[in-house]
**Q** 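Starting off with a structure, shown below.
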Amino acid sequence: MTKTLAVNAGSSSMKWQMYEMPEEKVLAKGLIERIGLKDSIVTVKFGEEKEERVFDIPNHTEAVEVLLEDLKRLKIVEEFTEITGVGHRVVAGGEIFQKSTVVTPEVLQQVKDLSALAPLHNPANAAGIEAFLNLLPDATSVVVFDTAFHTTMPEKAFRYPLPKKYYTDYAVRKYGAHGTSHMYVSQEAAKLLGKPIEETKIITAHIGNGASITAVKGGESVDTSMGFTPLAGVMMGTRTGEMDPSVFPYLIENDSELKDAQDVVDMMNKESGLYGVSGISSDMRDIIAAKDTDADAKLAFEMYVDRIQKFIGQYLAVLNGADALVFTAGIGENSVPVREAILSGLTWFGIEVDPEKNVFGVEGEISKPSSRLKVFVIPTDEELVIARDVEALKK
Ligand code: AMP
């Protein structure tokens, strides 16, 4: 019996979950927000208890120090040597990492070198890894890549129709993201279908603040909506999703606030999507609250639903039909109006929703028994996938 930490470090946040392994029992979980800003927020949940404190945490190393001290102070661990493994979510693994890997100095450098593929995420992931390597040098550190699940995509799906040299010399291709989530929910969906996963065709819709849709055939990703970076695919909280790249030079020429391509990409990553269209919020709850009285919020909602429906349609074509459609992540798991709006436009494909099941808090099937395409709501559990991979790779 050992303790394993699953860590998801963002640029200003660090989410963690501690497991007793191999039992897969959650001992505690927490979130440190506003790292590097004033009034960082430290939340720890263990058993029925929840503790929240506010004080300044200047960087990731100090965030890890705070987390480890909390584990001792709250008697979640007695000695740090009990923590024998730490698993880190890393967004971009490029073509190098096809599966989870034990961290070595070379691996850490490769994670940093891959930052061009996930500029918002990889540098933060690397900072989290370094902080734990310094403070828990004896634990096995493992990196779990969001892209690994998508390395099974066929070349016709992952290549862009650009001159070949941009793939061979510059590694420009589709990598995808949210892989651990798509993998986990597709495996759970196969269990609900009561079929060996090898015989299933499943479309997984991970729709949270970031969002991606994946076509999963026989348990393997065959296409996914995110691309070279997590900016591609469906419209998101603050990201555009698919765009015509001709807009880039046009905007740089015509808007004096946008000086170069990086400015345009930043605007498309951080100021667009639900937030940009509505001018109100990137949070779907705020959009839903405003959409009956505000035309821009209504349009943001409609565009969001439209883009997801189109990708589901694409993947029904890629898979030539499917057994199930899965909703997961913040919006997919919790938003009845979003699921309702998406599904109401897909009845031709044989989807019959059971309105009594499509309610807040539901888990499992929300379609009628007669529905040709089953629809499931499955809470994702990326942390558990990380903990399992650490367990499998432990010294
Ligand atoms: P995630 O990135 O998976 O944590 O999802 C976060 C997003 O889920 C938030 O930004 C919200 O937009 C959305 N969300 C969470 N709960 C609800 C809800 N009850 N209704 C609509 N959206 C929700």
Side-chain angles (χ1 to χ4, degrees), residues 6-17 29-34 41 43 45 89 91 118 120-121 124-125 146 176-185 188 204-214 224-226 230-231 233-241 269-292 294 296-305 307-308 326-344 357-363 366 376-386:
V7 179
N8 184 351
S11 53
S12 66
S13 69
M14 187 176 286
K15 204 165 135 188
W16 61 271
Q17 197 143 313
K29 56 182 160 184
L31 177 64
I32 304 181
E33 295 164 277
R34 297 177 56 84
I41 309 166
T43 317
K45 284 187 196 163
R89 175 197 183 206
V91 169
L120 300 183
H121 300 99
N125 302 151
D146 259 25
H178 297 137
T180 47
S181 177
H182 291 292
M183 183 184 82
Y184 177 79
V185 299
E188 292 300 305
T204 49
H206 175 112
I207 48 178
N209 198 23
S212 64
I213 319 290
T214 296
T224 194
S225 62
M226 280 182 169
L231 177 56
V234 294
M235 173 173 156
M236 301 171 226
T238 61
R239 289 174 243 172
T240 54
N269 261 312
K270 296 177 188 167
E271 293 166 36
S272 302
L274 287 176
Y275 175 70
V277 176
S278 71
I280 293 176
S281 172
S282 63
D283 192 308
M284 183 53 88
R285 286 165 288 202
D286 300 333
I287 301 298
I288 290 170
K291 78 180 171 60
D292 292 339
D294 185 292
D296 291 333
K298 180 168 180 276
L299 179 64
F301 182 86
E302 288 173 356
M303 286 172 66
Y304 189 88
V305 167
R307 299 307 189 273
I308 293 171
V326 182
F327 285 100
T328 194
I331 298 173
E333 289 168 30
N334 297 304
S335 183
V336 178
V338 171
R339 292 197 304 253
E340 230 166 44
I342 293 170
L343 295 169
S344 67
K357 290 188 191 153
N358 187 23
V359 292
F360 184 75
V362 69
E363 283 182 26
I366 60 167
F376 300 131
V377 173
I378 301 178
T380 194
D381 199 340
E382 291 162 288
E383 287 76 19
L384 179 59
V385 175
I386 294 172

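For ligands, and for the atoms within them, numbers begin at 1 and follow the listed sequence. From a predicted model like this one, the values you see are computed outputs, not experimental measurements. The first residue in the sequence is number 1, and the count goes up from there.
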**Q** Which ligand 1 atoms are under 4.0 Å away from a heavy-atom of Asn209?
**A** 1 (P), 2 (O), 5 (O), 6 (C), 7 (C)
**Q** Please check this pair: side chain of Thr43 against backbone of Ile32, looking for a donor-acceptor N/O pair closer than 3.5 Å.
**A** no
**Q** Under 3.5 Å, N or O to N or O, is Met284 touching ligand 1 that way?
**A** yes
**Q** Parallel, tilted or perpendicular, judged at 30° and 60°: which one describes the rings of His206 and His182?
**A** tilted
**Q** Could you work out, for atom 15 (C) of ligand 1, the closest of Gly330, Gly210, Ser281 by heavy-atom distance?
**A** Gly330
**Q** Is a side-chain N or O of Arg239 found less than 3.5 angstrom from the main chain of Val234, in a donor-acceptor match?
**A** no
**Q** Which ligand 1 atoms does Gly208 reach within 4.0 Å, using its non-hydrogen atoms?
**A** 1 (P), 2 (O), 3 (O), 5 (O)
**Q** Considering only protein heavy atoms, which is closest to atom 13 (C) of ligand 1, and at what distance to one decimal place?
**A** Ile331 CG1, 3.4 Å
**Q** Please list, in number order, the atoms of ligand 1 under 4.0 Å from a heavy atom of Asp283.
**A** 9 (C), 10 (O), 11 (C), 12 (O)
**Q** I'd like to know if the side chain of Thr328 reaches the main chain of Thr380, judged simply by a donor and an acceptor atom lying under 3.5 Å from each other, with no hydrogens or angles considered.
**A** yes
**Q** Looking at Ala329, which atoms of ligand 1 are within less than 4.0 Å of one of its heavy atoms?
**A** 3 (O)
**Q** Could you tell me whether atom 19 (N) of ligand 1 has at least one protein heavy atom nearer than 4.0 Å?
**A** yes
**Q** CE/Met235 to OH/Tyr275 distance, rounded to the nearest 0.5 angstrom?
**A** 13.5 Å
**Q** Rounded to the nearest 0.5 Å, what separates atom OG in Ser335 from atom CZ in Phe301?
**A** 6.5 Å
